[in-house]
Peer 1: 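Can you read through this structure? Questions will come right after.
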There are 2 protein chains.
Amino acid sequence: MVTLNDVAKKANVSKMTVSRVINHPEQVTDELKELVYEAMSELNYRPNAAAIALAHNRTQIIKLLILEEMTVTEPYYMFLLTGIANELDKYSYSLQLLTHKNIQIGDSDGYIVCGMRSKDEELVKSLKKPVVLFGENDFGLDFVDSDNVKSMAKATEYALEKDYDHIVYLGIDVNEPFAQSREKGYTETMDKYGKEKHIYRLENRSRYSAAFIRDHWDSFSKNTLFLCASDRLAMGVIREIKERGGNIPEEYGVIGHDGVFLDQIAYPQLTTVKQAIDEMGAACARMVLDKVKAGGKSQGNQLFETDIKIGGTTRNN
Amino acid sequence: MVTLNDVAKKANVSKMTVSRVINHPEQVTDELKELVYEAMSELNYRPNAAAIALAHNRTQIIKLLILEEMTVTEPYYMFLLTGIANELDKYSYSLQLLTHKNIQIGDSDGYIVCGMRSKDEELVKSLKKPVVLFGENDFGLDFVDSDNVKSMAKATEYALEKDYDHIVYLGIDVNEPFAQSREKGYTETMDKYGKEKHIYRLENRSRYSAAFIRDHWDSFSKNTLFLCASDRLAMGVIREIKERGGNIPEEYGVIGHDGVFLDQIAYPQLTTVKQAIDEMGAACARMVLDKVKAGGKSQGNQLFETDIKIGGTTRNN
DNA sequence: ATCTTTTTTGTTATCGGTAACACATCGAAT
DNA sequence: ATTCGATGTGTTACCGATAACAAAAAAGAT
């Protein structure tokens, strides 16, 4: 293992100078900096996370709390995870994973929390280190999320462009900000164009959206598009439209939301709103590290834009 | 933060004695041990992982290498990950995540490797620390996996019990041990009962299995069961059988393999072979830690049994 | 009772970094 | 020329644990 000392010897300086080159480069002359950089890259120096942690009375660990039941969600957590992990790695930080089944809150320098619902407020607020949420919230906690309002507004506009007469919104039946924001994006856009709104809220499972389509089938005239708050809901809608002999995308359109995995399994491939999940993961990581560095000072929010990913469930005119 | 020193003072001993109580309790008299235990629990002492790591020239980090493209796979990695993470946590170890896009092989004490294919042999064998694979392999590397042969044998037996006349096996078209083992489970069982085998191998995507059903539809008499090497293949089969107007489960049966996520999305819910993925994750973690402790000595293999999870795609007689 | 040997406990140095302080060096101000 | 402050670099101590050694205490041998 290459240490600061090895680099220092090679560059003919003290190890403190090397440390400074890394942490406070402005305090070192360009000449020495050059020498040190050279030595570092020649020896392929990697800082020892344990030593840094010990010197700083830190752990170099960020814990990721997943409060949601993983089987109920889109499997996008892997992308979030890799986004976080890669970013943390750059700063010699490691990630530890906690699930609602296993909340052993040992030591860490900070937390990233996913899938938080109102009932988790107490738990999250009891954490004694900086916290960043993945997902909008009303509790004044710093967060990173997609811009859910804009996202659904975009999707609604797209649906209108494609000349579907009726646009029915299928939301997720939870009283949480992300769900409200998505609904708001739909509502605002429909109002803007003076279109009639149709909003239904369902539990986020394909069988319920399928059942919904079955139960209301007669009330949907042709040329209707179903704008779904998740790909999972969209899956059920597609399944049941096909079951009823409806034609996709000519008679009925479907748009989902998330664009992680299910949209590829669907047939026809789902038109969906794709989130930049790995980037958001990286953003969570950066934000929590910044917050650690700033002694826990709030870092505000960060919203990411989404993109429509066009599949075969919307018509192509 | 409570340190060894704090405990030592409280118990009126040197910190070395405390360290010994933790690591080599047989070297300390019962009397002192008692005192130390008491002090530890009163102060709620937790060892500092960074300090341990530094003193041992270790990192207390295990890296997880995911060599597969994550979008192509069942999203079971989350379960594997939590299994691994929870187990590592018990020993003050953290997990770091590496993907094929981001193989920064920094420092760690060992590796768990997933989704390894033959082409990765060189990479994996070049790792300088103990390695454990998740997944069978022919390279003599230690691994943890489901007992794929037994798993498919069980599924085949189940299909025969349910009185399907023809059992068609849809395998995954890769030349890897796990695929061969699953096929072997089918083959051996069919031979045992003197049944005629039908084996096809496809790329692991639902559209290919759907296309396969379409192309061969006329050759499948009723009362056929499709035994699929993955839930993803099974999804395509179900979709296309429904498209052709075939009745599931009476005329056609479908069994998948994995039982992580897709089986719940399918309609009817898929009969599948469920793997105990979180347990296997924990086993991977234990194995790699044992291997670290043993200085890299091989730890052999560990196979896990699977369970049939009955859904609506097989008949219920 | 004295000298070994063994067992038990304490001391010191060390792992790889960083903060705080000490010490040069240098130009500007008096 | 002397003093001063600013700037750049090196020294020392320390973060929390452990290994290796040293010392003290207890047990056994003569």
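Below, chains carry the letters A, B, ... as their sequence lines are ordered, and counting in each starts from 1.
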Peer 1: Please report, rounded to the nearest Å, how far the P atom of C:dT18 is from the CG atom of B:Leu54.
Peer 2: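 Answer to the nearest Å: 12 Å.
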Peer 1: Whether B:His56 contacts D:dA19 is assessed here as follows: a side-chain N or O lying under 4.0 Å from the phosphate OP1 or OP2. Is that the case?
Peer 2: yes
Peer 1: Taking B:Glu38 first and then B:Lys10, would you say they form a salt bridge - that is, a charged N and a carboxylate O separated by under 4.0 Å?
Peer 2: no
Peer 1: Taking everything shown except B:Lys150 itself, do over 12 heavy atoms lie less than 6.0 Å from its NZ?
Peer 2: no
Peer 1: Per the side chain to side chain donor-acceptor pair (under 3.5 Å) rule, which among A:Thr306, A:Asp145, A:Asp307 passes with A:Ser151?
Peer 2: A:Thr306
Peer 1: Ignoring backbone atoms, establish whether A:Thr17 has a side-chain N or O less than 4.0 Å from OP1 or OP2 of D:dG8.
Peer 2: no
Peer 1: Between A:Glu122 and A:Lys125, is the closest basic N to carboxylate O distance under 4.0 Å?
Peer 2: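 No, A:Lys125 and A:Glu122 are not salt-bridged.
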Peer 1: Would you call B:Asp6 and B:Lys9 a salt bridge, taking side-chain N to carboxylate O under 4.0 Å as the test?
Peer 2: no
Peer 1: Under the side-chain hydrogen bond (donor to acceptor under 3.5 Å, both in side chains) rule, collect the residues that match up with B:Ser92, sequence neighbours excluded.
Peer 2: none
Peer 1: State whether A:Thr3 places a side-chain N or O below 4.0 Å from either non-bridging phosphate oxygen (OP1 or OP2) of C:dG16.
Peer 2: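 For C:dG16, neither OP1 nor OP2 has a side-chain N or O of A:Thr3 closer than 4.0 Å.
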Peer 1: One thing to verify: whether A:Asp142 and A:Lys291 come together as a salt bridge, which I'm taking to mean a side-chain N less than 4.0 angstrom from a carboxylate O.
Peer 2: yes
Peer 1: Using a 4.0 Å cut-off on heavy atoms, which residues in residues 29-40 of chain B reach DNA chain D? List them by number, or say none.
Peer 2: none
Peer 1: Is it true that A:Asp107 and A:Thr59 share a donor-acceptor pair across their side chains at a distance under 3.5 Å?
Peer 2: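 A:Asp107 and A:Thr59 do not have a side-chain donor-acceptor pair below 3.5 Å.
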Peer 1: For A:Lys309, does the NZ atom sit with more than 12 other heavy atoms under 6.0 Å from it, leaving out its own atoms?
Peer 2: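 Atom NZ in A:Lys309 is packed in, count exceeds 12.
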Peer 1: Set out, line by line, the N/O atom pairs under 3.5 Å between protein and nucleotides 21-25 of chain C.
Peer 2:
none

Peer 1: For B:His24 and A:Met16, take the nucleotide of DNA chain D holding the closest heavy atom to each; which residue's nucleotide lies nearer the 5' end?
Peer 2: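 Going by which nucleotide is closer to the 5' end, it is A:Met16.
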Peer 1: Does a side-chain N or O from A:Ser14 land closer than 4.0 Å to OP1 or OP2 of D:dT9, or not?
Peer 2: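 For A:Ser14, the contact criterion (side-chain N or O under 4.0 Å from OP1 or OP2 of D:dT9) is not met.
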Peer 1: Nearest-Å distance, CD1 (A:Ile22) to P (C:dA19)?
Peer 2: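 Atom-to-atom, A:Ile22 to C:dA19, this comes out as 12 Å.
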Peer 1: Under 4.0 Å between a side-chain N or O of B:Asn57 and OP1 or OP2 of C:dG16?
Peer 2: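 Yes, B:Asn57 has a side-chain N/O under 4.0 Å of OP1/OP2 on C:dG16.
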Peer 1: Mind calculating the distance between CD (B:Gln27) and P (C:dT6) to the nearest angstrom?
Peer 2: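 So the two atoms are 16 Å apart, to the nearest Å.
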Peer 1: Between A:Asn23 and C:dT18, is there a side-chain N or O to OP1/OP2 distance below 4.0 Å?
Peer 2: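 It does, given that an N or O in the side chain of A:Asn23 lies less than 4.0 Å from OP1 or OP2 of C:dT18.
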Peer 1: What is the distance, rounded to the nearest whole Å, between atom NZ of B:Lys15 and atom P of C:dT8?
Peer 2: 23 Å
Peer 1: Using heavy atoms to find the nearest nucleotide of DNA chain C for B:Asn12 and B:Ala51 separately, return the residue whose nucleotide is more 5′.
Peer 2: B:Asn12
